[in-house]
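First the structure, in the form of structure tokens, and then the observations on it.
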2 protein chains.
Amino acid sequence: MKQQLNTIAMLGQAYSLLGFKIVDGVVGAGFPQKPSHSAVFAQIRPEGSRLTELARGANITPQAMGELVDELEELEYVVRRPDPTDRRAKLVVLTDKGRACIAAGITTIEGIEHRITETLGAHGHRQLRTLLRKLLDAG
Amino acid sequence: MKQQLNTIAMLGQAYSLLGFKIVDGVVGAGFPQKPSHSAVFAQIRPEGSRLTELARGANITPQAMGELVDELEELEYVVRRPDPTDRRAKLVVLTDKGRACIAAGITTIEGIEHRITETLGAHGHRQLRTLLRKLLDAG
DNA sequence: CGAATATCCTAAGGTAGCCTGAATATCAGG
DNA sequence: CCTGATATTCAGGCTACCTTAGGATATTCG
């Protein structure tokens with residue numbers, strides 16, 4: 001579970017770890033309107049994910065997740081397709097527009113990371129990440 | 001305006017600066033129920049502050065601030081007293097309980113800061129603050 | 001087959017945290 | 001003393017985000 005994290009995510013986690021509540025980031029123009037929508041984008045698998053699966057991952061009820069998916073479907077970021085392996089289920093799948101949206105978000109994040117490196121220097125940026133890593137590991 | 005900031009506040013500001021939205025911190029048991037309540041505690045002056053003054057500082061409408069103060073008054077953290085210098089206005093003043101609440105919050109924050117120093121070492125903690133300071137100044 | 005289980009949907013409800021609009025009281029200046 | 005600005009309050013509304021309740025349908029298991 002100790003995956004590679006970008007600096008802003010580490011900042012957020014550190015902040016959260018220290019007893020603060022944070023709202024999930026809405027980074028850049030590529031992302032949809034509601035902060036909670038990123039709960040879908042962050043989780044959805046390339047082959048598509050089930051509603052209940054997404055709900056469990058986001059720790060909300062399937063009904064609440066259903067509403068989010070409704071909205072994202074309306075915005076044409078995802079579509080619901082029948083699951084070929086289980087005819088009870090439907091798969092929530094990203095559309096091209098959805099993938100473009102994620103790509104735009106990633107570009108924004110990369111831009112921010114770049115700006116951090118510019119400000120702190122490569123060495124400083126590495127130092128910052130190391131310190132944050134230590135904080136997260138200790139927490 | 002470049003006052004001394006503790007590390008957690010700096011983390012939060014940095015995170016916010018980088019395009020994320022954060023909910024104000026609820027640190028420790030000393031603080032009241034709602035995150036937004038800290039908008040009052042953070043601003044209120046020892047002699048008391050006016051409602052509109054607090055509203056401007058928190059960048060919300062006086063009506064919204066009025067509701068927050070209502071709640072805090074209900075919880076006996078503050079009282080409304082007539083302003084001796086202006087009979088239109090009332091002063092929102094901390095009670096003993098309110099001051100105790102702030103003190104408890106500060107104690108909690110100090111505890112967290114202490115834990116950070118323990119984890120990173122005094123040198124590491126200073127380094128972290130320096131790096132965050134740079135990020136904030138650049139933003 | 002029939003019962004239990006899984007998935008999904010609709011509907012209704014609730015809270016937090018804001019907002020606008022309008023009423024009332026007071027102040028400050030000519 | 002009239003006028004326009006300022007301070008507060010009451011009333012009503014809104015959005016984001018989540019819940020519980022109940023029911024439809026499809027699948028798996030004994």
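For the salt bridge (charged side-chain N to carboxylate O under 4.0 Å, His left out) test, no residue two or more places apart in sequence or in another chain qualifies with A:Glu74. With sequence neighbours excluded, the residues forming a side-chain hydrogen bond (donor to acceptor under 3.5 Å, both in side chains) with A:Thr117 are A:His125, listed by chain and number. Checked against salt bridge (charged side-chain N to carboxylate O under 4.0 Å, His left out), B:Glu118 has no partners two or more places apart in sequence or in another chain. In this view, B:Asp86 and B:Arg50, B:Arg88 satisfy the salt bridge (charged side-chain N to carboxylate O under 4.0 Å, His left out) rule, not counting sequence neighbours. Under the rule for a salt bridge (charged side-chain N to carboxylate O under 4.0 Å, His left out), the partners of B:Arg99 that lie at least two apart in sequence or sit in another chain are B:Asp96.
Rounding to the nearest 0.5 Å places CG of B:Leu120 at 5.5 Å from CG of A:Leu131. In this structure, the separation between CG on A:Asp70 and CE on A:Met65 is 11.5 Å, given to the nearest 0.5 Å. Rounded to the nearest 0.5 angstrom, B:Gln127 CD and A:Thr130 OG1 are separated by 9.0 Å.
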ask   = Are B:Leu72 and B:Phe41 close enough, and set up right, to give a side chain to side chain contact (heavy atoms under 4.5 Å, CB included), and what steps lead you there?
value = CA-CA 10 Å; B:Leu72 289 174; B:Phe41 283 88; 3.6 Å; yes
task = Go through B:Arg81 and B:Glu47 one step at a time and tell me if the salt bridge (Lys or Arg N to Asp or Glu O under 4.0 Å) criterion holds.
result = CA-CA 11 Å; B:Arg81 286 204 320 230; B:Glu47 332 83 79; over 6 Å; no
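Each end of the helix from C:dC1-D:dG30 to C:dG30-D:dC1 gets its own axis, taken as the rotation carrying the C1' atoms of four end pairs onto the next four within a five-pair window, and the two axes meet at 10° to the nearest 10 degrees.
Every pair passing salt bridge (charged side-chain N to carboxylate O under 4.0 Å, His left out) that includes a residue from residues 51-67 of chain A is listed here, sequence neighbours excluded: A:Arg45-A:Glu53. Pairs engaging residues 102-111 of chain B under the salt bridge (charged side-chain N to carboxylate O under 4.0 Å, His left out) rule: none recorded [sequence neighbours left out].
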Close N or O pairs between protein and nucleotides 14-16 of chain C (under 3.5 Å):
none

Could you pull out the protein-nucleic contacts involving nucleotides 19-21 of chain D (nitrogen or oxygen on both sides, under 3.5 Å)?
from   : atom 1 : to      : atom 2 : distance (Å)
D:dT19 : OP2    : A:Thr61 : N      : 3.0
D:dT19 : OP2    : A:Thr61 : OG1    : 2.9
D:dA21 : N6     : A:Gln63 : NE2    : 2.8

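In this structure, A:Asp137 pairs ionically with A:Arg133, as a charged nitrogen and a carboxylate oxygen lie closer than 4.0 Å.
Of the residues in residues 48-57 of chain B, those lying under 4.0 Å from DNA chain D by heavy-atom distance are B:Arg50, B:Leu51, B:Thr52. In the region residues 83-93 of chain B, proximity to DNA chain D at under 4.0 angstrom, judged on heavy atoms, holds for B:Arg88, B:Ala89, B:Lys90.
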